[in-house]
Every structure is written in C-alpha cells, then in structure tokens.
2 protein chains.
Amino acid sequence: MNSPILDELIQSLRCLPGVGPKTAQRMALYLLERNRIGAARLSESIGMALQRVGHCEQCRTLSEETLCSLCSNPSRDGRLLCIVGSPADLMAIEQTGSYRGLYFVLTGHLSPIDGMGPREIGIDALLSLLDRHPVQEIILANNPTVEGEATAYYIAGLLKDRPVLLSRIAHGVPVGGELEYVDGGTLSHAFNGRQQLR
Amino acid sequence: MNSPILDELIQSLRCLPGVGPKTAQRMALYLLERNRIGAARLSESIGMALQRVGHCEQCRTLSEETLCSLCSNPSRDGRLLCIVGSPADLMAIEQTGSYRGLYFVLTGHLSPIDGMGPREIGIDALLSLLDRHPVQEIILANNPTVEGEATAYYIAGLLKDRPVLLSRIAHGVPVGGELEYVDGGTLSHAFNGRQQLR
C-alpha cells in the first residue's frame with residue numbers, strides 16, 4: 001500500500017534497538033512530514049560516523065582518532081586501568097566523573113553459547129596492552145551479570161601471576177533504593193561486602 | 001568526552017520522536033558497534049526517501065509518484081472521499097481493509113494557537129479537488145480530539161450547500177474495551193449514537 005521507498009525507510013528504521021513496526025512507521029512519517037531538516041542531518045551524521053568513527057588502538061573504545069581523547073589525555077592516571085564490557089559502560093563511568101584512570105573496552109563478555117570466547121572479546125589485546133604499559137591496579141568493572149562475572153573471574157585467573165593489584169567494583173544495594181525491593185542476591189552481596197565504619 | 005562525530009550522531013538521533021538523550025546514545029553505540037550494515041542502509045534510505053518521497057497531488061498523502069497508488073487504483077470507489085488529518089491516519093484506516101473509497105489528507109487539524117488555519121491545513125486544496133472531482137459522500141475521519149472535532153465541524157460548515165452526503169465516523173466504546181474503564185465523554189457519545197437492532 002505504501003510507496004516502496006517509504007516501506008524501505010520503515011524497514012531500515014527497525015534496525016534501531018527498541019524500535020518495532022509501529023514506532024518505525026511513526027518515525028518515518030515524522031521525518032518526512034514534519035522534520036526533513038532533522039532527517040537530512042541524521043542521514044548525514046550516520047554516514048559520517050560510519051566513515052570516520054573507528055576504535056581507539058589502545059583502549060578500543062569508539063574514537064575518530066587513532067588514540068581516543070581519554071588515552072591521549074596526560075592528566076589521566078596511567079597507573080589505573082578499568083576494564084569494561086562496552087563503550088556505553090565506559091561512558092556511564094565517565095559521566096560520574098569519579099574515576100581518573102584509563103580504560104580497556106572488551107567487546108562484550110564471555111559467552112560460549114553465542115560464540116564469544118576470549119579471543120572474540122579482545123583478551124589478547126588486553127594482555128598485549130598490559131605487556132606494553134604495565135599498571136599498578138586493574139579494576140574489573142564488567143557487568144554484574146553471569147557473563148560479566150565469568151569474564152571478570154577469567155581475567156583475574158589470567159593475571160594472577162602478574163605484579164598488579166586486581167579489584168572488582170563493589171556489589172551492594174543501589175543508592176536511593178529501599179531494602180524491601182532489593183533482590184536477595186544483591187542483599188547477600190551487600191552483607192558479604194560490608195565495610196567497617198572508621 | 002565523546003568524539004565530536006559521535007556526539008553529532010547522538011544529537012541528530014534525538015530528532016526522532018520519543019528518543020531522549022539516553023536512548024539516542026544507546027542507538028548510536030548500537031549502530032556503530034553492532035550493526036554498521038543496518039546503519040548504512042538507514043542512512044541511505046533516509047536520503048533516498050527525502051529525495052524521492054513527496055505528496056500525491058490529488059490526496060496529498062506521502063507518495064513517490066505524482067499520483068499515489070490509492071488515487072491511481074481504478075478499483076477504488078471514487079464516489080467516497082474520506083478526510084483524515086495525516087498519512088498515519090490514512091495508513092491506520094487502510095490497514096483495516098474496510099474502506100474502499102478515496103482519501104484526502106489534511107496537514108493536521110485547525111489550531112489557531114499553533115498558527116494552523118484553514119489555508120495551512122489544506123482546505124483550499126480540498127475544495128478545489130471537490131470542484132474537479134465531485135463525490136457522493138464525504139466521511140470526516142478527523143481525530144476525535146478538540147482540534148479534530150473543530151476541523152470536522154468547520155469542513156461540514158463549508159460544504160453544507162453542496163449536494164454531497166456528509167458523515168462523521170462513529171464515536172463510541174472501543175471494541176474489546178470494558179465499560180468500567182471507558183471515559184465519560186466516550187460513554188455519552190456511545191449512548192447518543194446508539195443504533196437500533198433490526
């Protein structure tokens with residue numbers, strides 16, 4: 001019923017995460033009826049990003065330079081290395097402003113069932129980075145999921161003979177949460193990881 | 001903190017309806033990390049649609065031809081004309097498959113506060129279409145909102161001296177709904193518009 005080009009636009013909008021057929025149709029009509037300038041800008045910026053944005057050769061986050069702005073920033077503390085599972089996790093940590101060290105971005109987490117082994121997620125690149133730039137502390141900030149925990153455990157095993165302090169971000173009750181609604185696993189972690197006052 | 005090109009991509013994704021800063025960031029990272037092929041297709045199809053999709057010169061819905069597939073379809077009933085407020089409304093009606101006449105798509109509804117007067121929503125084009133192609137019945141399928149009702153009322157006033165049957169789509173309780181949860185206005189309409197059984 002629609003024109004083929006409009007159908008193609010609706011179909012291609014569905015590649016966006018969380019966008020189903022209804023939302024894609026709404027987006028396509030909005031772009032064509034109400035915001036052609038925004039649509040042109042979007043088309044151009046996707047093209048530009050695809051062409052120019054690659055990965056930082058040191059930390060492997062998304063970057064348009066060979067070395068990203070974090071790795072090339074001399075005021076970051078090169079003795080700390082934080083390992084995360086994706087650029088989105090890096091951004092979330094950066095947005096807190098509470099960490100001043102460097103990062104290493106894995107390509108997801110270990111998940112043999114999805115074909116994600118150590119090589120696929122970039123463990124080799126991590127080890128070769130550590131050979132070139134030894135650090136004092138490695139903070140494992142993998143997701144608190146089964147895959148993330150497995151990945152953190154695996155990396156800890158690989159690095160156990162190196163003279164480096166290994167740490168894992170704390171598990172516990174989220175700030176602002178109510179104990180009543182916190183799940184059991186998190187509560188157990190919060191008790192096991194309790195910290196002495198003074 | 002991000003690369004400027006990535007920031008620009010995130011900003012331009014925010015022009016999509018219902019997409020805020022968090023979702024835009026998630027979409028941008030997804031496109032660049034996981035689905036570059038889909039991203040390229042999206043960029044291309046937006047560009048193509050902007051270039052090729054215009055408005056049907058008869059019914060004014062989105063179309064890449066001068067005359068859309070509905071207006072140029074000889075099996076549609078040219079004696080019926082349904083007036084809707086947007087191409088999305090037209091699509092919703094077409095998807096039911098229960099209407100076989102033609103359409104006329106207004107550019108929204110009358111809303112003086114937003115600068116939408118009769119000329120802006122395309123009443124002139126509607127009258128000139130009716131002069132060229134007189135019809136037997138006009139079905140006002142404007143949205144059941146204040147603006148939609150005002151627009152339907154305004155059009156009914158304009159056409160009252162023409163030899164044409166005017167109708168408005170029925171207001172009433174939605175199929176599958178429970179009376180308990182239906183709002184008062186809709187319930188009153190359902191009572192006023194009640195239909196005799198046999």
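Below, each value reflects all heavy atoms present in this structure, side chains not excepted, and no hydrogens, waters or symmetry copies. Chain identifiers are assigned alphabetically (A, B, ...) following the order of the sequence lines, protein sequences preceding nucleic acid strands; residue numbering begins at 1 within each chain.
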Counting heavy-atom pairs under 4.5 Å to chain A, which of [options] comes out on top?
| options | value |
| --- | --- |
| B:Leu6, B:Val19, B:Leu42, B:Thr23 | B:Leu42 |
| B:Ala49, B:Ala28, B:Gly18 | B:Ala49 |
| B:Gly47, B:Ala39, B:Ala40 | B:Ala39 |

[atom1] ([X]) with more than 12 external heavy atoms under 6.0 Å:
| X | atom1 | result |
| --- | --- | --- |
| B:Met48 | CE | no |
| A:Arg100 | CZ | yes |
| A:Arg119 | CZ | no |
| A:Leu165 | CG | yes |

In one Ile/Leu/Val/Met/Phe/Trp/Tyr side-chain cluster, 4.5 Å: [X], [Y]:
| X | Y | result |
| --- | --- | --- |
| B:Leu187 | B:Tyr181 | no |
| A:Ile46 | A:Leu31 | yes |
| B:Leu129 | B:Leu166 | yes |
| B:Ile139 | B:Tyr154 | no |
| A:Leu130 | A:Ile121 | yes |

Exercise. To the nearest 0.5 Å, tell me how far A:Asn35 CG sits from B:Leu16 CG.
Key: 9.0 Å

Quiz prompt | Reported CD1-to-OG distance for the pair A:Ile10 and B:Ser45, which is rounded to 0.5 angstrom | solution = 10.0 Å

Exercise. Under 4.5 Å, counting heavy-atom pairs only, tell me which of A:Arg52, A:Glu65, A:Arg34 racks up the most with chain B.
Key: A:Arg52

Practice problem: Among A:Arg36, A:Glu44, A:Arg14, A:His55, single out the residue with the greatest number of heavy-atom pairs under 4.5 Å to chain B. | Solution: A:Arg36

Practice problem: With a 4.5 angstrom heavy-atom cut-off, could you sort out which part of A:Gln11 is near chain B: side chain, backbone, both or neither? | Solution: both

Exercise. Answer with side chain, backbone, both or neither: which region of A:Gln25 has an atom nearer than 4.5 Å to a non-hydrogen atom of chain B?
Key: side chain

Exercise. Begin with the C-alpha distance, continue with both residues' side-chain angles, and end with the deciding distance and a verdict on side chain to side chain contact (heavy atoms under 4.5 Å, CB included) for A:Leu29 and B:Met91.
Key: CA-CA 11 Å; A:Leu29 293 174; B:Met91 286 183 192; 3.7 Å; yes

Exercise. Under the side chain to side chain contact (heavy atoms under 4.5 Å, CB included) rule, what do B:Ser43 and A:Ser43 come out as? Steps first, then yes or no, please.
Key: CA-CA 4 Å; B:Ser43 167; A:Ser43 167; 3.6 Å; yes

Practice problem: Answer whether the closest heavy-atom distance between the side chains of B:Arg26 and A:Pro17 falls below 4.5 Å. | Solution: yes

Quiz item: Among residues 73-88 of chain B, which residues come closer than 4.5 Å to chain A, judged by heavy atom distances?
Solution: B:Pro87, B:Ala88

Quiz item: Among A:Leu50, A:Leu62, A:Val53, which residue meets the side chain to side chain contact (heavy atoms under 4.5 Å, CB included) test with B:Ile5?
Solution: A:Val53

